[in-house]
Novice: 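Got a structure here, written out as structure tokens. Questions coming.
Because the structure is a prediction, the values reported are computed rather than measured. Here is how names work: the chains are called A, B, and so on, in the same order as the sequence lines, proteins then strands, and each is numbered from 1.
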2 protein chains.
Amino acid sequence: MARQNLPAAQRREVTVEAVVDLAATRNPAEITTGQIAEHMHLTQGALFRHFPTKDAVWDAVMVWTASQLTRRLDQAEARGSSPLSALEQMFLAHVDFVVARPGVPRILFGELQRTGDTAAKRSARALIGGYRTRLVKLLDRCCANAELPADLDTEAAATLFVGTIQGLVMQAMMTGDFPAMRAMAGRVFSIYLKGIGGRL
Amino acid sequence: MARQNLPAAQRREVTVEAVVDLAATRNPAEITTGQIAEHMHLTQGALFRHFPTKDAVWDAVMVWTASQLTRRLDQAEARGSSPLSALEQMFLAHVDFVVARPGVPRILFGELQRTGDTAAKRSARALIGGYRTRLVKLLDRCCANAELPADLDTEAAATLFVGTIQGLVMQAMMTGDFPAMRAMAGRVFSIYLKGIGGRL
DNA sequence: CAAAAGATAGTAATCAGTCACTATCTTTCC
DNA sequence: GGAAAGATAGTGACTGATTACTATCTTTTG
């Protein structure tokens with residue numbers, strides 16, 4: 001059974017998937033190029049035919065993560081019949097994404113922890129920053145739409161939205177039970193919704 | 001004449017402080033025994049006269065963190081004139097602790113990311129687990145006291161409490177401005193308070 | 001066949017941990 | 001009181017394992 005040689009672009013995609021897979025059960029900071037290669041049935045040296053450095057691998061992972069999350073949030077937002085229901089859809093979509101890919105939040109946390117100015121870290125910052133901005137805008141639309149009080153502190157509300165998901169993630173990381181997030185997500189979101197003065 | 005031989009117990013305390021200091025500006029996962037030793041003006045080898053392994057250092061850091069946080073939460077809770085105001089005091093005390101010691105949340109995140117069964121990770125788990133339990137009990141007392149609705153989902157409320165702080169921490173980590181947390185803390189907490197149906 | 005992809009076998013750097021030795025305390029005992 | 005003796009703390013050079021990354025040879029594939 002001969003191993004198949006993949007074209008470079010495809011090999012890069014497989015590499016990103018391998019990293020996300022590994023991060024689901026391992027500390028991202030401890031993932032080595034050797035482990036990545038082994039997980040995709042490749043030798044360690046061959047990895048560097050497709051990525052100039054290890055950090056380039058992490059950057060590719062961040063780019064993939066950003067595009068995946070954005071795509072899911074776009075779909076969720078479109079599903080909402082109003083700004084406020086779009087907010088709820090986005091919340092649930094984010095939780096679903098994390099449950100499906102538990103490595104993602106771990107990679108994001110790990111990347112934000114890192115110091116120095118790498119491409120991967122800049123991508124991570126851009127992802128979270130863009131997310132927050134998007135939330136503030138959506139919350140503003142809810143206010144304009146009278147679905148939320150006009151005097152709502154939308155910046156604080158956006159921070160709390162992100163924190164709400166993070167609290168769920170942290171609990172999942174502690175218990176190791178990511179699917180349980182889904183059940184808790186609804187309960188936590190309803191408290192959040194009440195906090196921002198919303199009603200669905 | 002700066003050189004001085006410290007007694008072992010004192011040296012261990014200095015070591016913990018050095019680690020917490022370093023974690024404020026460096027990725028905890030990248031802190032080496034050499035960096036710790038250098039920061040406390042000691043040779044790397046001497047560190048191992050006081051700790052059998054590097055993980056023992058991390059465990060000592062976790063024990064210190066747990067005791068510090070517990071002490072501050074105890075004081076805050078005592079300051080509260082009622083269960084609900086105690087909850088608010090604890091929130092503010094936690095934020096103050098993080099602002100004073102930015103390395104602490106980074107260390108906690110980093111420790112929870114790690115895999116395998118180390119003493120340090122068990123301590124981290126115990127800290128967060130105990131915190132959550134404590135919150136649920138306090139929230140239950142708020143309900144019994146009619147300061148919060150009797151039908152409040154106290155487990156979800158505890159999860160959100162932790163997440164609220166985490167959201168603030170993540171924002172601080174992104175901007176690098178930890179003191180700004182304090183201003184945002186009040187704004188976010190008031191949304192949280194409304195969410196759990198409280199009024200102060 | 002030729003170019004892309006992978007295998008094999010390296011290298012230099014870094015890390016946690018060790019060890020023989022030295023410096024500095026503290027206690028003992030005349 | 002003070003020197004001898006033992007205990008404690010620190011030094012600096014080291015080791016073996018691991019790491020990201022590279023150089024060279026081999027296989028696959030269009």
Side-chain angles (χ1 to χ4, degrees), chain A residues 1-19 22-23 26-62 107 110-111 113-121, chain B residues 1-19 22-23 26-62 107 110-111 113-121:
Chain A
M1 170 176 158
R3 184 145 333 284
Q4 205 179 0
N5 284 9
L6 293 185
Q10 205 168 331
R11 181 57 80 195
R12 282 194 294 271
E13 278 178 36
V14 172
T15 307
V16 168
E17 250 192 69
V19 172
L22 285 172
R26 292 166 135 88
N27 181 2
E30 286 167 12
I31 294 176
T32 67
T33 54
Q35 287 171 351
I36 297 169
E38 190 189 2
H39 191 260
M40 54 200 284
H41 308 293
L42 201 70
T43 57
Q44 187 239 4
L47 254 188
F48 288 89
R49 193 168 289 281
H50 305 289
F51 296 93
T53 63
K54 189 189 182 186
D55 195 69
V57 177
W58 281 112
D59 191 37
V61 171
M62 288 311 311
I107 288 170
E111 206 56 47
Q113 288 267 41
R114 289 179 61 187
T115 48
D117 190 39
T118 65
K121 202 192 173 182
Chain B
M1 283 312 272
R3 173 91 42 241
Q4 204 177 343
N5 285 8
L6 293 185
Q10 204 168 331
R11 180 57 79 195
R12 281 195 293 271
E13 278 179 37
V14 171
T15 306
V16 168
E17 250 191 69
V19 172
L22 284 173
R26 291 166 135 89
N27 181 1
E30 287 168 12
I31 293 175
T32 67
T33 54
Q35 287 171 350
I36 298 170
E38 189 188 3
H39 191 261
M40 55 201 285
H41 307 293
L42 202 69
T43 57
Q44 186 241 2
L47 216 59
F48 289 90
R49 194 166 289 281
H50 304 289
F51 296 93
T53 63
K54 189 188 183 186
D55 194 69
V57 176
W58 281 111
D59 191 38
V61 170
M62 289 311 312
I107 289 170
E111 206 56 47
Q113 289 266 42
R114 291 178 60 186
T115 48
D117 191 38
T118 65
K121 201 191 172 181

Novice: Please report, rounded to the nearest Å, how far the P atom of D:dG16 is from the CZ atom of B:Phe48.
Specialist: 17 Å
Novice: If the threshold is 4.0 Å, N to carboxylate O, is there a salt bridge linking A:Asp55 and A:Arg114?
Specialist: yes
Novice: Taking CG from A:Leu42 and P from D:dT28, how many angstroms apart are they, rounded to a whole number?
Specialist: 14 Å
Novice: Choose from C:dG17, D:dT19, D:dG12 the nucleotide whose nearest atom is closest to any side-chain atom of B:Thr53.
Specialist: C:dG17
Novice: OP1, OP2 of C:dA16 versus side-chain N and O of B:Thr33: anything below 4.0 Å?
Specialist: yes
Novice: Whole angstroms only, please: what is the CG-C1' distance between B:Leu47 and D:dG12?
Specialist: 15 Å
Novice: CD of A:Glu38 versus P of C:dG6: gap in Å, rounded?
Specialist: 17 Å
Novice: Send over the distance from B:Ile31 CD1 to C:dA16 C1', rounded to a whole Å.
Specialist: 15 Å
Novice: Could you walk me through whether A:Ile31 and A:Ile36 pass side chain to side chain contact (heavy atoms under 4.5 Å, CB included), step by step?
Specialist: CA-CA 7 Å; A:Ile31 294 176; A:Ile36 297 169; 3.6 Å; yes
Novice: So which heavy atom on A:Lys121 is nearest to which on A:Thr115, and how close?
Specialist: NZ-CA, 4.3 Å
Novice: Could you tell me the separation between the CD atom of A:Gln10 and the P atom of D:dT28, rounded to a whole number of Å?
Specialist: 18 Å
Novice: Over all strands shown, is A:Ala46 touching base, sugar-phosphate only, or nothing at heavy-atom distances under 4.0 angstrom?
Specialist: sugar-phosphate
Novice: Give one of base, sugar-phosphate or nothing for B:Thr32, where a contact means two heavy atoms less than 4.0 Å apart.
Specialist: sugar-phosphate
Novice: Indicate whether OP1 or OP2 belonging to C:dG6 is found under 4.0 Å from a side-chain N or O atom of A:Arg11.
Specialist: yes
Novice: What do you reckon, is CD of B:Glu30 surrounded by more than 12 foreign heavy atoms closer than 6.0 Å?
Specialist: yes
Novice: Please pick, from D:dA9, C:dA5, D:dG12, the nucleotide with the shortest atom-to-atom distance to any side-chain atom of B:Arg49.
Specialist: D:dA9
Novice: Given atom NE2 of B:His41 and atom C1' of C:dA23, what is their separation to the nearest angstrom?
Specialist: 19 Å
Novice: With nearest nucleotide decided by heavy atoms, which residue, A:His50 or A:Gln44, maps closer to the 5′ end of DNA chain C?
Specialist: A:His50
Novice: Roughly how many Å is it from NZ in A:Lys54 to C1' in D:dT19, rounded to a whole number?
Specialist: 8 Å
Novice: Quick check: do A:Ile107 and A:Val61 have side-chain heavy atoms less than 4.5 Å from each other?
Specialist: yes
